[in-house]
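Working notes, structure below.
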Amino acid sequence: MYCVRNITDDLYYVGGNDHRLALFENIFPIPDGVSYNSYLLMDEKTVLVDTADWSIARELLRNVDQVLDGRDLDYLIVNHMEPDHGASIELLINKYPNLQIISTEKSFMIMRQFGFNIDGRIIEVDEGDTMNFGKHTLAFVKAPMVHWPEVMMTFDTTDGVLFSADAFGSFKANDGKLFNDEVNFDRDWLDEARRYYTNIVGKYGPFVQDVLKKAATLDIKYICPLHGLVWRNDFGYFIDKYDKWSRYEPEEEGVMIVYASMYGNTEFAAQALATKLCEKGMSNVVVHDVSNTDVSVLISDAFKYSHIVLASVTYNLGVYPKMKDFIEDMRALNLQNRTVSLMENGSWAPQAAEKMEEFLDDNLKLIDVRTEQVSIASSLSESKESDMDSLVDGIIESMEKIREEKEKTLEQNK
Ligand code: FEO
């Protein structure tokens with residue numbers, strides 16, 4: 001038995017899943033695992049598209065061996081040299097000594113940096129180059145910074161298959177499923193796909209935009225990413241998500257409230273705010289405790305929702321450390337184009353709101369920090385009711401304003 005599936009008559013999925021790894025890149029929790037995708041094209045020549053992480057190297061070799069069924073492996077295309085895909089290159093070279101490796105100049109540089117002996121087997125390709133392997137002609141498309149500088153994508157012009165490297169990937173193991181139409185993607189996969197994109201590639205939105213423009217010129221029938229599912233229909237759905245994420249446009253009108261609370265008082269205020277928002281008709285609200293929510297989840301929701309409320313207790317006369325980490329990550333991942341409201345708490349010198357506002361103003365682009373703020377002294381008192389109402393009204397007004405501006409732009413573009 002082998003974990004191999006056909007994508008087209010000539011193309012096979014030969015990758016695998018890892019449920020043992022707790023932290024992807026040793027930082028992102030992956031409770032549902034991850035897949036490392038590798039594809040084998042059986043033409044007059046045999047062509048493997050990317051290898052896989054060490055953790056599934058044995059499965060990869062078994063799957064490749066099964067599909068080759070006694071034939072030699074002629075070529076390996078390396079679209080991305082990060083070790084979760086490139087780690088097994090040396091094993092492939094050892095097993096298939098005639099193997100030629102097709103990749104970019106930068107990719108070969110990185111292979112050498114990792115200590116791979118690739119001398120005498122490299123074929124360097126550049127933007128727009130093509131190679132024929134019999135029935136199939138493959139074209140190479142550079143995709144720098146999606147997610148590393150050496151990245152390229154490969155397009156099979158014969159069958160319309162785009163090997164998209166990390167783009168259109170996802171956390172979450174495939175577990176036998178392979179195609180997007182074999183799952184309820186919106187219900188079961190979208191959150192992990194967003195968390196993967198925003199945390200891994202989120203910083204490089206303009207580069208993703210460049211690739212989307214190139215992809216729009218191709219007649220795509222399949223998208224084969226390096227993680228997650230293969231797409232064979234409904235491309236518009238996922239491309240639209242990528243377009244929004246990479247333009248830093250919110251996916252949904254809604255509010256993410258993130259609170260930092262030591263003894264429950266700031267948490268109570270955050271919950272009171274959520275209650276008021278829902279009472280006023282804005283029920284697309286999520287509330288996260290910054291102390292026990294992984295920052296990758298916070299980042300993912302920050303990309304999803306249009307409005308963010310940061311509610312922080314004051315700590316060492318500044319912002320609570322976990323909240324500081326989150327807003328630092330927002331900066332690192334280039335999050336922009338959001339409306340942010342602030343709440344603070346402090347028993348003697350509340351300062352968190354002022355410090356958060358300073359950081360947002362100085363470090364993030366296109367962030368509208370609302371002037372309505374709530375400053376709590378130890379615990380939420382009745383005297384803060386009107387401040388809380390103003391904060392809620394400010395959020396709702398800003399949503400209406402954004403909606404009106406969008407409608408105006410749509411009207412103008414008609
Ligand atoms: Fe899945 Fe950038 O590696």
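Note that ligands are numbered from 1 as they come in the structure, with each ligand's atoms numbered from 1 the same way.
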Going by atom types only, do [X] and [Y] share a side-chain donor-acceptor pair under 3.5 Å?
X      : Y      : answer
Asn199 : Ser296 : no
Ser35  : Asn17  : no
Tyr196 : Asp166 : yes
Asp301 : His288 : yes

Check your understanding: Under 3.5 Å, is there a donor-acceptor pair between the side chain of Lys203 and the main chain of Ala332?
Key ->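 Checking the backbone N and O of Ala332 against the side chain of Lys203, a donor-acceptor pair under 3.5 Å is found.
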Practice item. Check whether the ring centres of His227 and Tyr36 lie less than 6.0 Å apart, and answer yes or no. Key: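 Yes, they do, as the ring centres are separated by less than 6.0 Å.
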Practice item. Could you name all protein N, O or S atoms found under 2.8 Å from atom 1 (Fe) of ligand 1? Key: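 Hits for atom 1 (Fe) of ligand 1 below 2.8 Å: Asp84 OD2, His85 NE2, Asp166 OD1, His227 NE2.
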